[in-house]
Each structure stands twice: as structure tokens, then as C-alpha cells.
Amino acid sequence: MFPLKKFLIIQTAFTGDVVLATPVAEKLHRFFPDAEIDFLVKKGNESLFKDHPFIKEVFVFDKKNGKLKNIFRLRSAIRKKKYDAVINLHRFGSSGFLTACSGAKEKIGFDKNPFSFLFTKKIKHEIGNSGSGGKHEVRRNLDLIAHLTDLQTEKPKLYPSDSDLQIISYHTNSGEYVCMAPTSVWFTKQWPKEKWVELIKIIPSSYRIFLLGGPADSKPCDKILKDSCRNNIANLCGQLSFLQSAALMKGAKMNYVNDSAPMHFASAINAPVTAIYCSTVPAFGFGPLSDNSRVIETEEKLSCRPCGLHGYKECPEIHFKCARTIEVKKVMGELN
């Protein structure tokens with residue numbers, strides 16, 4: 001085996017997918033502490049690695065503005081780095097092309113990638129369903145580098161800085177609190193707004209409540225805040241970075257989330273989390289990994305669930321029973 005001194009990890013999917021890619025970096029750093037480890041992510045996710053202790057360079061792929069031009073720009077930049085190994089966790093053509101053209105000695109990825117026939121090593125990517133256990137995505141990702149490291153598992157990890165902690169200190173010093181992330185990119189992954197309002201109303205008044213999300217989530221969370229008729233609640237959507245949100249979640253008594261990126265933030269800082277699954281199922285392999293984690297699903301047996309890996313803009317069956325039949329008190333659990 002040739003010496004391994006330079007690695008590139010590619011994951012240009014959603015924010016949560018990037019968080020679930022961090023165990024690969026952790027494992028590589030543990031086995032090759034002097035190696036240079038870089039990351040390639042979709043534009044918008046680069047802030048996850050701000051002030052990271054051992055990620056040297058973050059390449060950013062802008063998929064919305066001049067995608068083809070950016071692919072070829074990245075190809076040139078990657079080839080100049082002369083990587084020993086490129087590990088591609090993404091399963092689509094653009095990342096496969098960059099991997100195949102990287103010039104790396106080892107080109108590693110999943111068999112579902114359309115360019116995997118040009119990889120030096122590929123492994124099968126299997127997603128479970130409601131009737132099977134299925135591997136967690138972290139385990140699937142780590143399997144890509146098992147031949148370079150070992151078979152031990154590794155948890156996701158994010159590194160909020162001292163500056164991030166300082167920014168959120170105003171909120172964390174105000175007594176006990178819970179965080180809620182009521183939104184998702186996919187509508188059918190979102191527990192309905194009226195359910196979030198019900199939950200807020202039964203949370204003991206001694207807890208402050210912080211609503212988390214991106215700028216696009218501010219308006220729906222404003223609606224939830226208004227309808228809850230509660231004083232000690234704040235909508236922080238769009239006001240905090242990913243790392244600052246994660247740092248705030250770390251100190252929460254509980255974090256209530258959908259099957260979405262904030263759930264993976266909780267895993268990456270080992271924060272308590274209650275994950276609400278509507279149209280999707282944990283068997284897909286994207287469940288919470290915190291020591292204190294709860295998964296809440298409907299107790300009804302629905303033939304239409306799961307309806308897809310990610311979700312839809314609306315319920316294909318119209319009734320949306322996978323979300324509406326989840327009891328609010330069950331979600332709340334025990335806070336006192």
C-alpha cells in the first residue's frame with residue numbers, strides 16, 4: 001500500500017448528509033493524523049467546517065449558478081491537489097465525474113454512482129425499509145474506508161468555536177430551555193404546524209423555547225410562535241449559523257425535530273433529541289445517534305408508509321395520516 005497523505009471527501013447532497021459524512025473524516029484523522037483531509041460540499045454547507053481543527057480546505061460546488069462551468073473548475077482544482085484517495089459519499093453523476101477525473105491513486109465510492117465503473121473501489125449501497133433493519137448511513141459511509149482503517153463505528157462530529165459559544169451565551173444563560181426545529185425541505189417530513197403549536201402549549205412554562213431553522217423557515221415559525229400565545233419563546237430562524245444552532249441545541253433539555261438536518265446536528269454534538277418521523281422511517285438508515293434519543297412515529301399501520309426516501313411536497317394520499325396521527329403528549333415525553 002502506498003503512503004496515504006492526502007484525502008478528499010465528497011458529499012454534495014443536503015446538510016444532514018454532510019453531517020453524516022463527518023465520521024469518515026474523524027476515522028481518517030485517527031488513522032492518519034498527519035494527513036491532509038479536504039472536503040467538497042454543496043454551496044451553503046461550507047460553514048459546517050468553519051474553524052474545523054483538522055479539515056484543511058473546503059471546496060464549494062455551486063450547483064445553481066453555472067453548474068457545468070463549476071464542475072470543470074473543480075476538476076482542475078482537485079487534480080492539482082494530487083490526492084492519494086478520493087472518497088465519494090454522493091451517489092450522483094456530477095460527483096462521480098469529479099471522482100473519476102480526480103487523478104487520485106484510489107477512487108472510492110458507492111456502486112449506485114453512474115461513474116462507479118471508473119472507481120478503483122466501489123461498495124454496495126443498500127437502504128432498508130419499514131420491514132428490514134438496514135444499516136445506518138454512517139455505517140454505509142464508513143464501509144467505504146474500512147479497508148484503510150477498521151470496522152469500528154464512529155459518530156458524527158461538529159466543532160462549534162468559542163466564538164459560536166459566545167454568540168449563543170445570551171440564550172444559554174437564561175435558564176432551562178428546549179429547542180424545536182419544526183420545518184424540513186420536504187413537506188411530508190414535517191409534523192403539521194398545528195401539532196407544534198399544541199406541543200408548545202403543554203411544555204411547562206418554566207422552559208424557554210427556541211425555534212430553529214434557516215432564513216426560509218422564519219415565516220412558518222413566526223406563524224407557530226404567534227398561534228402558540230406564549231411569552232418565553234423566540235424565533236431564531238436565520239439568525240444563527242449551523243454551528244451556533246448546534247451549540248444551542250447542546251445545552252437544551254430536549255430538542256424536538258423532524259427527520260431533517262437538526263436531528264443530525266444533535267447526533268454530532270450528542271445532544272438530547274426527540275425525532276418525529278412522518279412519511280419516512282428510521283430503517284432507511286438516517287436515525288438519531290445521540291445517547292439520549294427518542295424516535296416517535298405513528299402507531300397506525302399505514303400501507304402507504306414510507307412513501308419515499310425523502311418525501312413529497314404534499315401527501316400522495318391526501319390524508320397525511322403518518323403525521324396527523326402522532327400524539328402530542330407522546331412527542332413531549334418527560335421534561336420534569
Side-chain angles (χ1 to χ4, degrees), residues 1-2 4-25 27-28 35-46 48-49 55-128 134-149 156 185 261 264 284-286 308-310:
M1 173 71 72
F2 49 84
L4 298 169
K5 297 181 179 179
K6 282 188 175 184
F7 297 95
L8 174 66
I9 302 167
I10 298 177
Q11 180 48 285
T12 57
F14 294 103
T15 305
D17 298 300
V18 179
V19 177
L20 295 181
T22 60
V24 174
K27 179 68 74 77
L28 289 174
E36 176 182 327
I37 303 174
D38 297 341
F39 242 102
L40 169 60
V41 298
K42 180 178 71 171
K43 185 176 181 180
N45 289 333
E46 62 271 22
L48 288 167
F49 300 108
I55 299 299
K56 184 170 182 181
E57 183 172 1
V58 179
F59 292 99
V60 178
F61 181 15
D62 187 346
K63 294 184 177 184
K64 293 184 177 179
N65 303 299
K67 180 176 180 179
L68 191 59
K69 174 184 170 184
N70 289 325
I71 288 175
F72 284 99
R73 176 185 60 80
L74 284 167
R75 182 188 65 170
S76 298
I78 290 169
R79 288 184 68 85
K80 284 180 182 177
K81 295 289 297 243
K82 301 186 185 304
Y83 289 107
D84 295 309
V86 170
I87 303 106
N88 184 3
L89 283 59
H90 193 237
R91 302 187 299 277
F92 296 89
S94 56
S95 64
F97 173 78
L98 291 171
T99 303
C101 297
S102 66
K105 299 181 183 75
E106 278 213 62
K107 306 174 188 72
I108 308 165
F110 291 113
D111 62 341
K112 289 182 179 178
N113 194 292
F115 284 89
S116 64
F117 68 98
L118 294 173
F119 297 174
T120 57
K121 183 176 181 62
K122 58 185 175 182
I123 70 165
K124 195 168 186 179
H125 188 279
E126 294 181 292
I127 291 180
K135 287 183 181 179
H136 197 281
E137 181 75 351
V138 164
R139 182 66 261 164
R140 292 191 286 254
N141 290 339
L142 288 173
D143 284 348
L144 289 173
I145 59 167
H147 66 296
L148 302 176
T149 56
V185 173
H264 304 308
F284 284 159
F286 299 92
L309 181 59
H310 294 297

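As a basis for the values below, the full set of heavy atoms in this structure was taken, side chains included, without hydrogen atoms, waters or symmetry mates.
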Where the side chain of [X] meets the backbone of [Y], is there a donor-acceptor pair that is under 3.5 Å apart?
X: N88; Y: S95; result: yes
X: N141; Y: L20; result: yes
X: R75; Y: C101; result: no
X: Q11; Y: A13; result: yes
X: K107; Y: A104; result: yes

With rounding to the nearest 0.5 Å, note down the distance linking [atom1] in [X] to [atom2] in [Y].
X: R91; Y: D17; atom1: CZ; atom2: CG; value: 7.5 Å
X: K42; Y: S94; atom1: NZ; atom2: OG; value: 11.0 Å
X: H125; Y: K112; atom1: NE2; atom2: NZ; value: 6.0 Å

Taking the side chain as C-beta and beyond, is there a heavy-atom pair between [X] and [Y] under 4.5 Å?
X: L28; Y: I145; result: yes
X: L8; Y: L40; result: yes
X: L144; Y: L142; result: no
X: T120; Y: K105; result: no
X: E106; Y: F119; result: no
X: L148; Y: I108; result: yes
X: K43; Y: K64; result: no
X: F97; Y: N113; result: no

Evaluation steps, salt bridge (charged side-chain N to carboxylate O under 4.0 Å, His left out), between D38 and K81: CA-CA 10 Å; D38 297 341; K81 295 289 297 243; 2.9 Å; yes

Minimal heavy-atom distance between G16 and A261, with the atoms involved, is N-CB, 3.9 Å

What are the two closest heavy atoms between A35 and F7, and how far apart are they? CB-CE1, 3.7 Å

Relative to each other, are the rings of F92 and H90 parallel, tilted or perpendicular (30° and 60° limits)? tilted

In terms of side-chain heavy atoms, does H264 have a donor or acceptor partner in E137 at a distance below 3.5 Å? no

Side chains of D111 and S116: donor-acceptor distance under 3.5 Å anywhere? no

So, F49 versus F39, ring centres under 6.0 angstrom or not? yes

In a check of side-chain contact (heavy atoms from CB on, under 4.5 Å) between T99 and each of I78, I87, I10, which one passes? I10

What's the verdict on side-chain contact (heavy atoms from CB on, under 4.5 Å) for L89 and I9, showing C-alpha distance, side-chain angles and the deciding distance? CA-CA 7 Å; L89 283 59; I9 302 167; 4.0 Å; yes

Show your working on side-chain contact (heavy atoms from CB on, under 4.5 Å) between I127 and L309 and close with a plain yes or no. CA-CA 9 Å; I127 291 180; L309 181 59; 3.7 Å; yes

Axial cation check for F286 ring with R140, 6.0 Å and 45° limits: yes

Are L74 and F61 close enough, and set up right, to give a side-chain contact (heavy atoms from CB on, under 4.5 Å), and what steps lead you there? CA-CA 8 Å; L74 284 167; F61 181 15; 3.7 Å; yes

When you look at K135 and D143, which way does the salt bridge (charged side-chain N to carboxylate O under 4.0 Å, His left out) test go after all the steps? CA-CA 10 Å; K135 287 183 181 179; D143 284 348; 2.6 Å; yes

Has K5 got more than 12 heavy atoms of other residues, nucleotides or ligands less than 6.0 Å from its NZ? no

